[in-house]
Novice: 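Here it is, the structure in full.
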Amino acid sequence: MKKTVHVSQTYPRLTVYSEEDYRGESRVYRGNTGLRNLDNILGGVECLRFFSTSSNATLVVFTRPNFHGGFRVYRGNTNLRDLDDLIRGNDVESLIS
């Protein structure tokens with residue numbers, strides 16, 4: 001007799017904000033997300049919250065648009081209050097979650 005297995009999939013949630021410290025306008029993205037140019041979203045993204053129930057969830061932020069330049073990798077839940085000067089003195093310009 002076969003057992004039925006139910007797998008609960010929870011997707012990562014990324015919330016971006018137009019102002020530092022999680023203020024201003026916000027936009028929520030669910031699932032795997034690639035944002036090529038943060039300046040084109042909400043007139044510029046200044047901070048973010050990344051949440052996932054999986055400790056393997058990954059957020060990669062880049063210093064240039066289209067996923068180029070220097071980068072930093074975060075695993076699991078991540079809250080970044082200010083995206084200015086985050087990567088070796090450079091702002092975050094694109095990201096993949």
Novice: Side chains of L80 and C47: does their closest heavy-atom pair fall under 4.5 Å?
Specialist: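 Answer no - side chains too far apart.
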Novice: Does a side-chain heavy-atom distance below 4.5 Å link L35 with L14?
Specialist: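 They are in side-chain contact.
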Novice: For a quick test of reading the model, state the closest non-hydrogen atom pair linking R36 to S94 and the distance between them.
Specialist: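 Nearest pair, atom of R36 first, then S94: O-CB, 3.3 Å.
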Novice: Is there a path of hydrophobic side-chain contacts, each under 4.5 Å between heavy atoms of I, L, V, M, F, W or Y residues, that connects I96 with V73?
Specialist: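 As far as the 4.5 Å side-chain criterion goes, V73 and I96 are connected within one cluster.
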Novice: State, with a plain yes or no, whether a side-chain heavy atom of Y74 is found less than 4.5 Å away from one of V61.
Specialist: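 Touching, per the 4.5 Å side-chain cut-off.
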Novice: Determine, using the 4.5 Å side-chain heavy-atom cutoff (strictly less than), whether V45 and L86 are members of one ILVMFWY cluster.
Specialist: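 Both belong to a single hydrophobic cluster.
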Novice: When rounded to the nearest 0.5 angstrom, what distance separates CG in D82 from CG in D91?
Specialist: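 D82 CG to D91 CG: 8.0 Å, rounded to 0.5 Å.
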Novice: Return the minimal non-hydrogen interatomic distance between T58 and F50, and the atom names on each side.
Specialist: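 For T58 versus F50, the nearest heavy atoms are O-CZ, 3.7 Å.
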Novice: Would you confirm whether N37, through its side chain, and D39, through its main-chain N or O, come within 3.5 Å as a donor-acceptor pair?
Specialist: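 Judged by distance alone, yes, a pair lies under 3.5 Å.
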Novice: Please tell me whether L95 and I41 are part of a single hydrophobic cluster in this structure, the criterion being side-chain heavy atoms less than 4.5 Å apart.
Specialist: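 Yes, same cluster.
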Novice: Tell me whether the NZ or CZ atom of R49 lies within the 45° cone about the ring axis of Y22 and under 6.0 Å from its centre.
Specialist: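 Pair R49/Y22 counts as cation-pi.
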Novice: Y11 and Y29: same hydrophobic cluster, using ILVMFWY side-chain contacts below 4.5 Å?
Specialist: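 Not linked; separate clusters.
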Novice: Taking all non-hydrogen atoms of both residues into account, name the closest pair between F62 and F71 and its distance.
Specialist: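 Reported closest heavy-atom pair: CD2-CB, 3.6 Å.
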Novice: Please indicate whether R64 has more than 12 foreign heavy atoms, meaning atoms of other residues, nucleotides or ligands, lying under 6.0 Å from its CZ.
Specialist: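 12 or below, so no.
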Novice: For residues Y17 and L38: do they belong to one hydrophobic cluster (side chain heavy atoms under 4.5 Å, members Ile, Leu, Val, Met, Phe, Trp, Tyr)?
Specialist: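 Result: no, two separate clusters.
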Novice: Rounded at 0.5 Å granularity, tell me how far CG in D84 sits from CD in E46.
Specialist: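 Taking CG in D84 and CD in E46, the distance rounds to 5.0 Å.
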Novice: Does a side-chain heavy-atom distance below 4.5 Å link R27 with T15?
Specialist: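 No, every pair of side-chain atoms sits at 4.5 Å or beyond.
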Novice: Just how far is it from atom CD of E93 to atom CG of N66, taken to the nearest 0.5 Å?
Specialist: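 Spacing of CD (E93) from CG (N66) equals 11.0 Å.
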Novice: So, for L42 and V16, which heavy atoms are closest and what is the spacing to 0.1 Å?
Specialist: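 Heavy-atom minimum between the residues: CD1-O, 3.8 Å.
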Novice: Could you check whether any side-chain heavy atom of V92 comes within less than 4.5 Å of a side-chain heavy atom of I87, counting everything from C-beta outward?
Specialist: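 Counting from C-beta outward, V92 and I87 do come under 4.5 Å.
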Novice: Return yes if some donor-acceptor pair links the side-chain N/O of S52 with the main-chain N/O of P12 below 3.5 Å, else return no.
Specialist: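 Flag not set: sc S52 to bb P12 has no pair under 3.5 Å.
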